[in-house]
Asker: 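Below is one structure. I have some questions about it.
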Amino acid sequence: MNCKEVISVVCLLLVSACMQAQGTYVIEGKVKNVKQGVCLNLFRMEGDVGSSIAIDTLRGDSFRFEIPVSEAGTDRLTLAIRDGNLYSMGLYLWANSDSYIRLTGEDMNIYTWRVESEVPQQKIWQLFVDDSRDLWNLKQENRMEQMRLMRKYPRKPDDADVLARVVALRDSLEKVGDNLDFRIDSNVIVRMRQLPIEEIWMVKLESLAIALKYKKGFPFRKEVEELYARLSDKQRQTPEALDIRSYLAPSDTVSIREKAADGDLFDLQGNVHHLSDFRGKAVLIDFWSRGCGPCVLALPEMKEISKLYADRLTVVSLSIDDKTNWEIASRHHDISWWNLNDLKGKHGLYAKYDAGAIPRYVFLSPEGEVVEMWTGYGKGSLKKKMEEFFDKK
């Protein structure tokens with residue numbers, strides 16, 4: 001055996017040893033009535049962000065994943081079906097070293113596939129799924145109908161009659177979806193009253209709190225506040241609970257023509273900055289996240305704007321991700337303008353600017369007052385906004 005062969009064998013042994021030390025988990029599925037050739041995409045979740053880690057194509061009625069465990073020890077996962085340009089809802093999974101997870105399903109409604117697993121989080125999650133299985137199946141079918149409608153009419157139809165029918169159908173589907181959500185939430189509340197406070201319980205409480213703040217006609221405010229009241233003082237200081245509190249009892253938000261809300265903003269080196277540091281120029285604030293598709297699509301246009309109006313405008317991207325996801329996103333994207341984070345997630349400045357959805361943009365005057373706020377991104381929309389603010393004055 002020559003030197004090169006020896007080195008190769010040693011490398012293989014080292015890789016094997018690392019894999020054994022790290023551990024793996026296996027996810028196997030057997031499903032019926034699912035179209036052959038659809039892609040099964042497995043995502044590892046980091047906070048609210050999912051990264052694709054494996055893809056399999058369904059052949060026959062089976063699929064299998066064998067995945068190394070991450071450094072976190074227990075992986076949070078989402079498994080989704082992609083059929084053409086349509087994605088199913090995700091099946092939520094938890095896995096740790098040497099886990100064997102068995103999935104069985106009767107149709108494309110992956111969220112309600114049966115899960116056999118010994119991971120504690122999975123067992124608790126499945127209680128909530130089982131409580132509302134029929135409702136979740138209706139919810140999945142409703143969601144797919146909404147997605148098909150969006151794909152069929154990606155732009156507003158020019159014909160007035162067609163537009164009226166599309167709007168009526170969309171509103172009808174959304175109303176049915178909201179009603180299903182409320183019925184599911186009712187079952188969730190019943191189950192939460194029976195369980196101790198732990199990871200999944202907190203996930204469900206946050207979901208209820210978000211619905212309370214943003215869903216019109218949400219009927220369970222009293223019940224959600226009673227569940228929050230079960231938290232100890234120590235539990236209420238966790239980042240998750242602080243986010244929940246910001247939904248239940250929103251802090252004062254800023255309005256148009258008011259002084260900008262401010263706070264400690266950190267750069268990647270840990271230095272502290274403030275919005276007030278940028279007085280003298282107009283400021284465009286961009287609330288964004290690594291996992292937000294439109295946010296990422298907007299970045300090249302943000303770069304153009306930062307250069308085009310460099311003498312009159314300071315562009316500030318404020319990530320709402322945790323430190324890890326923010327650092328990962330910053331390594332992957334060319335952010336040459338101000339890239340900051342208050343490290344408070346959804347209960348910091350994000351809440352002060354009532355940013356219920358992202359990307360959320362805030363335009364400040366050179367004197368530090370709020371001129372305009374808006375949500376969402378489409379190609380060219382930011383340049384058009386800047387033209388309105390600068391070129392037409």
Side-chain angles (χ1 to χ4, degrees), residues 43-51 76 78 202-203 205-214 236-254 260-275 277-278 283-299 301-303 306 314-335 337-364 370 372-377 381-382:
F43 298 86
R44 179 180 285 127
M45 305 303 296
E46 300 170 276
D48 295 332
V49 180
S51 300
R76 292 190 302 115
T78 301
M202 291 295 293
V203 169
L205 183 58
E206 181 175 23
S207 178
L208 290 170
I210 291 171
L212 187 156
K213 181 173 181 180
Y214 295 112
R236 293 183 189 189
Q237 298 309 309
T238 62
E240 296 81 6
L242 290 170
D243 283 350
I244 290 167
R245 184 61 183 169
S246 72
Y247 299 128
L248 297 181
S251 58
D252 292 336
T253 57
V254 294
D262 207 345
D264 289 348
L265 305 173
F266 300 90
D267 62 27
L268 290 166
Q269 290 72 44
N271 301 309
V272 180
H273 308 270
H274 300 90
L275 293 175
D277 299 340
F278 309 122
V283 178
L284 176 65
I285 305 170
D286 159 42
F287 289 99
W288 73 296
S289 166
R290 176 189 173 203
C292 165
C295 299
V296 174
L297 288 174
L299 294 178
E301 197 166 326
M302 298 281 290
K303 185 174 184 177
S306 67
T314 300
V315 179
V316 181
S317 282
L318 291 183
S319 172
I320 63 169
D321 288 332
D322 59 33
K323 193 170 187 289
T324 298
N325 275 300
W326 175 40
E327 290 174 343
I328 291 172
S330 299
R331 288 197 298 269
H332 282 81
H333 300 291
D334 179 20
I335 304 177
W337 54 97
W338 286 98
N339 177 22
L340 305 174
N341 191 329
D342 66 2
L343 302 178
K344 293 183 178 180
K346 297 169 186 173
H347 60 272
L349 281 184
Y350 177 85
K352 291 285 187 181
Y353 289 96
D354 198 23
I358 50 176
R360 175 72 163 172
Y361 300 102
V362 181
F363 191 84
L364 306 181
V370 179
E372 189 172 339
M373 298 183 284
W374 67 97
T375 300
Y377 171 75
S381 62
L382 293 175

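Only this structure's heavy atoms are used, side chains among them; waters, hydrogens and symmetry mates stay out.
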Asker: Would you confirm whether Asp243, through its side chain, and Lys346, through its main-chain N or O, come within 3.5 Å as a donor-acceptor pair?
Answerer: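 Side chain of Asp243 to backbone of Lys346: a pair is present.
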Asker: Check the pair Met302, Leu382 against side-chain contact (heavy atoms from CB on, under 4.5 Å), reporting the backbone distance first and the verdict last.
Answerer: CA-CA 8 Å; Met302 298 281 290; Leu382 293 175; 3.6 Å; yes
Asker: Closest approach of Tyr350 and Gly345, non-hydrogen atoms and distance?
Answerer: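 Looking at all heavy atoms of both residues, the shortest contact is CB-O, 3.8 Å.
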Asker: Taking atom CZ of Arg331 and atom CG of Leu268, what is their separation to the nearest 0.5 Å?
Answerer: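 Going from CZ on Arg331 over to CG on Leu268, the span is 9.5 Å.
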Asker: Asp342 side chain to Leu349 main-chain N or O, any donor-acceptor pair under 3.5 Å?
Answerer: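 Confirmed, Asp342 side chain pairs with Leu349 backbone.
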Asker: Taking only residues two or more places apart in sequence or in another chain, which ones pass salt bridge (charged side-chain N to carboxylate O under 4.0 Å, His left out) with Glu206?
Answerer: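 Glu206 satisfies salt bridge (charged side-chain N to carboxylate O under 4.0 Å, His left out) with no other residue.
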Asker: Distance from Ile335 atom CD1 to Lys303 atom NZ, nearest 0.5 Å?
Answerer: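 Ile335 atom CD1 to Lys303 atom NZ measures 10.5 Å (nearest 0.5 Å).
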Asker: Can Leu318 and Trp288 be said to form a side-chain contact (heavy atoms from CB on, under 4.5 Å), step by step?
Answerer: CA-CA 6 Å; Leu318 291 183; Trp288 73 296; 5.6 Å; no
Asker: So, using ring pair (Phe, Tyr, Trp, His ring centres under 6.0 Å) as the criterion, who are the partners of His274 when residues are at least two apart?
Answerer: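 Listed in chain order: nothing, the list is empty.
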Asker: Could you list the residues that satisfy ring pair (Phe, Tyr, Trp, His ring centres under 6.0 Å) with Tyr361, not counting sequence neighbours?
Answerer: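 In terms of ring pair (Phe, Tyr, Trp, His ring centres under 6.0 Å), with neighbours along the sequence ignored, Tyr361 is linked to Trp374.
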Asker: Excluding sequence neighbours, so at least two apart, what forms salt bridge (charged side-chain N to carboxylate O under 4.0 Å, His left out) with Arg44?
Answerer: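 Residues passing salt bridge (charged side-chain N to carboxylate O under 4.0 Å, His left out) with Arg44: Asp75.
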Asker: Determine the minimum heavy-atom distance between Arg236 and Leu242, stating which atoms define it.
Answerer: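 Minimum heavy-atom contact is O-CD2, 3.7 Å.
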Asker: Give me the atom names and distance for the closest heavy-atom approach of Glu46 to Ser51.
Answerer: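 Smallest heavy-atom distance, with atoms named: OE1-OG, 3.6 Å.
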Asker: How far apart are the C-alpha atoms of Glu301 and Tyr377, what are their side-chain angles, what is the distance that settles it, and do they pass the side-chain contact (heavy atoms from CB on, under 4.5 Å) test?
Answerer: CA-CA 10 Å; Glu301 197 166 326; Tyr377 171 75; 2.5 Å; yes
Asker: Could you tell me how the ring of Phe287 sits relative to the ring of Tyr353: parallel (under 30°), tilted (30 to 60°) or perpendicular (over 60°)?
Answerer: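 Phe287 and Tyr353: tilted rings.
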Asker: Minimum heavy-atom separation for Ala260 and Val370, please, with both atom names.
Answerer: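 Looks like CA-CG2, 4.2 Å.
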Asker: Return the NZ to CG distance between Lys344 and Leu265, rounded to the nearest 0.5 Å.
Answerer: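 Answer for the NZ-CG pair, Lys344 versus Leu265, is 9.5 Å.
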Asker: Could you work out, with ring pair (Phe, Tyr, Trp, His ring centres under 6.0 Å) as the rule, every residue matching Phe278, not counting sequence neighbours?
Answerer: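 Phe278 satisfies ring pair (Phe, Tyr, Trp, His ring centres under 6.0 Å) with Trp338 once adjacent residues are dropped.
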Asker: Specify the closest pair of heavy atoms between Asn339 and Ser330, including all atoms of both residues, with the distance to one decimal.
Answerer: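 The answer is ND2-OG, 2.9 Å.
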Asker: Working to the nearest 0.5 Å, report the span between CG of Leu208 and CG of Leu248.
Answerer: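 Here the interatomic distance stands at 9.5 Å.
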Asker: Name all residues meeting the side chain to side chain contact (heavy atoms under 4.5 Å, CB included) criterion together with Asp321; count only those two or more places apart in sequence or in a different chain, and write none if there are none.
Answerer: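 Counting only residues at least two positions away or on another chain, Asp321 forms a side chain to side chain contact (heavy atoms under 4.5 Å, CB included) with Val49, Ser289, Arg290, Ser319, Asn325, Trp326.
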Asker: How close do Ser246 and Lys213 get, heavy atom to heavy atom, and via which atoms?
Answerer: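 Where Ser246 meets Lys213 most closely, the heavy atoms are O-NZ, 4.2 Å.
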Asker: Between atom CD1 of Ile320 and atom CZ of Arg360, what is the distance when rounded to the nearest 0.5 Å?
Answerer: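 Output value for this atom pair is 12.0 Å.
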Asker: Rounded at 0.5 Å granularity, tell me how far NE2 in His333 sits from SG in Cys295.
Answerer: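 Interatomic distance, His333 NE2 to Cys295 SG, rounded to 0.5 Å: 10.0 Å.
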Asker: Starting from the C-alpha separation in whole Å, work towards a yes-or-no answer on side-chain contact (heavy atoms from CB on, under 4.5 Å) for Asp286 and Leu284.
Answerer: CA-CA 7 Å; Asp286 159 42; Leu284 176 65; 5.6 Å; no
Asker: Among Leu364, Val362, Asp277, which residue meets the side-chain contact (heavy atoms from CB on, under 4.5 Å) test with Val283?
Answerer: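 By the side-chain contact (heavy atoms from CB on, under 4.5 Å) criterion, Val283 pairs with just one of Leu364, Val362, Asp277: Leu364.
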